[in-house]
Amino acid sequence: MPPPDWWPMPWFGMMFGPLMMIVFLVVVLLIVIPLLRGTGMLPHGQQASTPAAKMARDFLDERFARGEIDKVEYEEKRRLLAQK
């Protein structure tokens with residue numbers, strides 16, 4: 001019978017603290033990074049489309065479809081809207 005103070009895995013006690021710190025940091029980063037991206041503080045790979053930008057593109061598409069603007073003007077304005 002082993003002595004009463006014997007533990008089968010003494011390394012687990014030493015690894016528990018650093019392991020929990022890593023888990024905590026990963027969880028915090030998974031929460032903080034999306035929040036910062038939502039506020040615009042971090043760059044995105046692709047900008048999110050806002051309702052106003054979608055409305056502007058839809059209005060431009062309608063004007064082009066009705067023939068109010070030509071193809072060159074349409075493409076120029078689409079390019080300008082994509083930059084914003």
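Values below: every heavy atom of this structure, side chains too, minus hydrogens, waters and symmetry copies.
- If you run side chain to side chain contact (heavy atoms under 4.5 Å, CB included) between Leu30 and each of Val28, Val27, Val26, only Val26 comes through.
- When the side chains of ILVMFWY residues are joined at heavy-atom separations under 4.5 Å, either directly or via intervening members, Leu60 and Val72 end up in two distinct hydrophobic clusters.
- Partners of Glu75 under the side chain to side chain contact (heavy atoms under 4.5 Å, CB included) rule, at least two apart in sequence or in another chain, are Lys71.
- Residues passing the side chain to side chain donor-acceptor pair (under 3.5 Å) test with Glu68 are Arg63, Arg66, sequence neighbours excluded.
- Take Asp58 and apply the side chain to side chain donor-acceptor pair (under 3.5 Å) test, not counting sequence neighbours, and it matches Lys54.
- Rounding to the nearest 0.5 angstrom, the gap separating the CZ atom in Arg78 from the CG atom in Leu80 is 12.0 Å.
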